[in-house]
Amino acid sequence: MKKIKVGIAGLGRLGKVHANNIAFKIPNAELTAACSIVPAELEYAQKELGVTDVYTDFREMLAKADIDAVAIVTTSSEHCWQIEAALDAGKHVFSDKPLGVNLEECKQAEAAVERHPDKIFFLGFMRRYDSSYAYAKQKIQEGAIGTPYMVKATGIDPEALVEGSIKFAATSGGIFIDMAVHDIDLMRWFLDDEPTEVYAIGSTFKHPEFKAVGDDETAVATYKFKNGGIGVIHVGRTAPHGYHVETEIVGTEGSIRISPVPEKNLAMLYNSNGVVTECVEGFPQRFAEAYLLEMQEFINCVCEGRKPGVTVYDGTKSTAIAFGTTEAWKSGKVVAL
Ligand SMILES: NC(=O)c1ccc[n+]([C@@H]2O[C@H](COP(=O)([O-])OP(=O)(O)OC[C@H]3O[C@@H](n4cnc5c(N)ncnc54)[C@H](O)[C@@H]3O)[C@@H](O)[C@H]2O)c1
């Protein structure tokens, strides 16, 4: 079997997840190079992943490493130039979300993808590959809930990790840029339509540190879609019970709810606290399967010369909608998208 040789850029929280999947869990892929600006992470690549070809400079990895493809899991502001450089160097590209941190650079990435139609570009909106979300999409396509007209999405980070959210709040771009881009992508995907306007509000009751840097700890956005459909996104950072990601799609003939109880597994504890289902703790645990399936799909697309379902344009649109939502939240006005 031909193995696709991959170089990974970024070995932080998520980079390690992708690197382990490529190195050990995807039969038709092999991790042959790694790049990070953090020396300890390159040591990790050598010791834990067996990757000896390591770099601190991304362009050097492109020039020297024996790779067919790159997986970009660096800080978001690095994604677009690295996508462009990798495609121009003749590599297939997987980039984690978001596509970019402003629209100009997203457009530049689009142009690079268009310049290289023979190369695969894959954007890591991994929730589309989560088995429950993929099943929901299939059911909608089969007509199980009639015409879908509303998506209600909730994404609340665990209170246990709030210190990290507070630390990055000042530079995160605000709660919608930071947290809502997956929900924005899912809303467009499930309704198969684009939003035309948004209204958004936020509040801070528990951690004034968010307000102090112009952010909020909780926020809600309401979207009107072209065909009259509705989207509601609720994002937050203070779930006391764990990592709460829940999505409901409502249609003319029924609805689908994905993880209304964000359970860790199927075990239930019967003790002095009552009957308890523990909550999933964070994104690596909740979406472990989705991260593996999306990377497997990227590698399969490369092997088969097949374009993935999610495109670079989905990345630009979701980024533009996240910026429009942020404008609505800051201005208190309805914003046209
Ligand atoms: N899809 C998801 O659910 C999901 C979840 C978490 C993070 N992400 C995305 O993944 C990316 C990484 O997030 P993280 O939480 O792992 O961040 P992190 O801060 O833990 O890691 C960032 C990594 O990028 C590397 N890096 C930064 N600039 C670099 C450069 N110029 N060249 C090479 N390496 C460079 C750092 O060395 C580090 O390894 C972000 O874009 C984030 O939005 C996606």
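Everything quoted here is computed from the prediction, not taken from an experiment. One-based numbering, in listed order, for ligands and for the atoms of each.
- In this structure the side chain of Arg115 reaches within 4.5 angstrom of the side chain of Glu84, judged on heavy atoms.
- The shortest distance between side-chain heavy atoms of Leu123 and Phe121 falls below 4.5 Å.
- Checked against a 3.5 angstrom limit, the closest N/O atoms of Pro98 and ligand 1 fall outside it.
- Closest to atom 33 (C) of ligand 1, if we only count protein heavy atoms, is Cys35 SG, 3.7 Å.
- The nearest heavy-atom contact from the protein to atom 5 (C) of ligand 1 is Phe283 CE1, 3.5 Å.
- Closest heavy-atom approach to atom 20 (O) of ligand 1 within the set Met61, Arg59, Glu41, Arg13: this belongs to Arg13.
- Ranked by closest heavy atom to atom 4 (C) of ligand 1, the top entry among Thr56, Ile37, Leu14 is Leu14.
- Given atom 25 (C) of ligand 1, the protein heavy atom at minimum distance is Gly10 CA, 3.8 Å.
- For atom 17 (O) of ligand 1, the protein comes within 4.0 Å by no heavy atom at all.
- Of all protein heavy atoms, the one lying nearest to atom 19 (O) of ligand 1 is Thr75 OG1, 4.9 Å.
- A perpendicular orientation is assigned to the rings of Phe283 and Tyr291, their planes being inclined by more than 60° (bins at 30° and 60°).
- Look at Lys107 and Glu104 and you find no salt bridge, because none of the NZ, NE, NH1 or NH2 atoms lies under 4.0 Å from a carboxylate O.
- Within 6.0 Å of CZ in Arg59 there are 12 or fewer heavy atoms belonging to other residues, nucleotides or ligands.
- Salt bridge Arg127/Asp185: absent, no basic N to carboxylate O contact under 4.0 Å.
- The Val38 neighbourhood of ligand 1 comprises atoms 37 (O), with distances under 4.0 Å to a heavy atom of that residue.
- Classification of Glu297 and Arg306 as a salt-bridged pair holds, one side-chain N sitting under 4.0 Å from a carboxylate O.
- Using a 4.0 Å cut-off to heavy atoms of His79, the atoms of ligand 1 that qualify are 41 (O).
- Atom 28 (N) of ligand 1 has its nearest heavy-atom neighbour, among Glu78, His18, Met126, in Glu78.
- Checked by distance only, ligand 1 and Gly12 come closer than 3.5 Å through their nitrogen or oxygen atoms.
- Between the choices Gln82, His182, Glu294, Lys97, the shortest heavy-atom distance to atom 30 (C) of ligand 1 belongs to Gln82.
- One finds no salt bridge joining Asp68 and Lys119 here, because no Lys/Arg side-chain nitrogen approaches an Asp/Glu carboxylate oxygen to under 4.0 Å.
- Ring geometry for Phe94 against Phe122 counts as parallel: the plane angle stays under 30°, on a 0 to 90° scale with 60° as the upper cut.
- Close contacts between ligand 1 and Leu11 involve ligand atoms 39 (O) [criterion: under 4.0 Å to a heavy atom].
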Glu159 and Lys206: CA distance, side-chain angles, deciding distance, salt bridge (Lys or Arg N to Asp or Glu O under 4.0 Å) verdict = CA-CA 10 Å; Glu159 171 76 33; Lys206 202 164 177 184; 3.4 Å; yes
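- Here Ala9 has no heavy atoms under 4.0 Å from ligand 1, in either its backbone or its side chain.
- Distance from atom 37 (O) of ligand 1 to its nearest protein heavy atom, with residue and atom name: Ser36 OG, 2.8 Å.
- Counting only residues at least two apart or on different chains, no salt bridge (charged side-chain N to carboxylate O under 4.0 Å, His left out) pair has a member in residues 14-34.
- Ionic pairing of Asp193 and Arg188 is not present here: no N-O contact between side-chain nitrogen and carboxylate oxygen is shorter than 4.0 angstrom.
- Counting heavy atoms only, Thr74 comes closest to atom 40 (C) of ligand 1 of the residues Val181, Val73, Thr74, Ile8.
- Annotation: atom 1 (N) of ligand 1 to nearest protein heavy atom, Asp96 OD1, 3.0 Å.
- Inter-residue side-chain proximity for Asn265 and Val280 is flagged as unmet; no heavy-atom pair is nearer than 4.5 Å.
- Proximity of atom 13 (O) of ligand 1 to the protein is not indicated, since no non-hydrogen protein atom lies closer than 4.0 angstrom.
- At a heavy-atom cutoff of 4.0 Å, ligand 1 is contacted by the side chain of Tyr291 but not by its backbone.
- Residue contacts with ligand 1: Phe287 is excluded, as none of its non-hydrogen atoms falls under 4.0 Å.
- For the pair Arg127 and ligand 1, no heavy-atom separation below 4.0 Å is found.
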Could you list the donor-acceptor pairs under 3.5 angstrom formed between side-chain atoms of residues 140-150 and any protein atom two or more places apart in sequence or on another chain?
unit_1: Glu142; atom_1: OE1; unit_2: Lys139; atom_2: NZ; d: 3.3
unit_1: Glu142; atom_1: OE2; unit_2: Gln138; atom_2: NE2; d: 2.9

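- Where the criterion is an N or O separation shorter than 3.5 Å, residue side chain and backbone included, Ser76 meets it with respect to ligand 1.
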